[in-house]
Amino acid sequence: MSVSCDFVSLAVPGVQGLHPYQPGKPVEELQRELGLERISKLASNENPLGPSPKAMAAMRECLPQVARYPDGSGHALKAALSQHHGISADRITLGNGSNDVLDLIARAYLGPGREAVFSRYAFAVYPIATQAVGAEAVVVDAHPPEHAMPLGHDLQGMLAAVGEATRVVFIANPNNPTGTWLEAPALREFLCAVPATVLVVLDEAYLEYVQRLDFPDGSKWLDEFPNLIITRTFSKIHGLAGLRMGYSLSSPEVADVLNRVRQPFNGNSLALAAAEASLQDKEHVQRTANVNALGMEQLSKGFASLGLSHLPSAGNFLCVNLGQPADTVFQGLLQQGVIVRPVANYGLENFLRVSIGTAEENTHCLETLSRVLAS
Ligand SMILES: *Cc1c(COP(=O)(O)O)cnc(C)c1O
């Protein structure tokens with residue numbers, strides 16, 4: 001029987017209200033559309049140096065084995081991570097990207113009648129994961145623009161928003177798309193004050209980029225706070241975004257729960273091998289962090305000389321304020337081969353998020369931006 005029906009209204013209530021995540025435009029698509037030769041993609045906070053050569057070699061070695069299922073327990077990678085972080089392997093949960101881990105947390109601990117607390121302008125996956133399982137998102141106002149950390153997470157406000165139904169708090173440090181961050185004392189104070197039954201997810205996707213000496217590394221606090229979950233990724237400084245590998249560090253009990261809802265083969269063979277090799281290449285990580293620090297200075301100065309300010313950032317991107325709706329400038333940059341990220345979907349209509357690239361890519365971006373603003 002063929003009857004047309006409204007498949008949206010057949011979906012579970014949380015899913016009906018969702019909008020698909022809008023990823024950055026792929027380079028090939030723009031090349032196809034505009035026939036441009038030179039394209040700088042500074043839209044998805046990827047590593048402009050690419051993956052570690054050690055990761056590439058590990059993948060090549062692994063290729064002939066892809067007819068076999070991957071190691072569903074991720075034994076070798078977990079052993080490497082265990083050593084890297086100095087914590088036991090039973091605290092580690094592997095995900096198909098750390099987004100997968102965020103989803104596992106939502107599926108295991110959220111649902112109808114339960115609430116997740118997070119900040120306005122926090123990472124887009126928190127509302128998606130929350131809403132998809134029918135839980136309530138409690139969005140807390142961020143710091144105002146005139147605050148020392150403009151649009152950053154307001155931990156006191158977030159603590160005040162934690163109620164009877166709260167099961168999870170999502171915190172990104174540093175946050176994407178703003179780049180804003182939280183310092184150790186404030187974060188510790190928050191962890192001490194939050195009820196022990198509320199899971200605090202500390203998303204540290206950009207931690208390796210942070211140059212500040214006093215910056216908190218949440219993995220050091222796991223023994224003290226059994227309700228703490230740290231998420232990390234191989235997509236950012238490790239340059240393996242296309243492979244999808246991320247993980248969480250938590251108490252062994254929480255890891256056990258997350259592993260119950262995890263797809264048995266959520267980490268593919270190439271990703272497992274590349275991540276393990278990448279972890280050993282400390283030089284590549286350091287080189288990337290150095291290129292990022294120089295690029296941050298280059299872009300920051302360049303924006304300033306164009307009369308533009310940006311939000312404070314500890315990540316590998318800058319959220320630049322155009323002082324007017326940014327769409328025209330975004331389109332202008334796109335037409336000339338510079339892909340950046342509009343963040344109007346976050347309620348940041350006047351901003352564009354620019355990932356920090358190589359010196360050449362940053363120059364391309366600044367020169368193009370200067371032309372676009374002048375036209
Ligand atoms: C990029 C990013 C991630 C990582 O996502 P993956 O699924 O690991 O690629 C996680 N959290 C934040 C805040 C990010 O910006």
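Counting starts at 1 for both ligands and their atoms, following the listed order.
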Item to check | Asn316 and Asn292 side chains, donor-acceptor separation under 3.5 Å | outcome: no
Next on the checklist: Using 30° and 60° as the class boundaries, would you call the ring planes of Tyr206 and Tyr209 parallel, tilted or perpendicular?
Outcome noted: tilted
Next on the checklist: Using 30° and 60° as the class boundaries, would you call the ring planes of Phe225 and Trp221 parallel, tilted or perpendicular?
Outcome noted: perpendicular
Item to check | Protein residues that have a heavy atom under 4.0 Å from any atom of ligand 1, sorted by chain and number | outcome: Gly97, Ser98, Asn99, Phe123, Asn176, Asp203, Ala205, Tyr206, Thr233, Ser235, Lys236, Arg244
Item to check | Gap between atom NE2 of His153 and atom CG of Leu187 - 0.5 Å precision | outcome: 9.5 Å
Checklist outcome for this item: Only residue of Val140, Leu348, Val139, Asp154 satisfying side-chain contact (heavy atoms from CB on, under 4.5 Å) with Arg120 is Val139
Checklist entry - Judged by modelled atom types alone, do His238 and Ser52 share a side-chain donor-acceptor pair under 3.5 Å? => result no
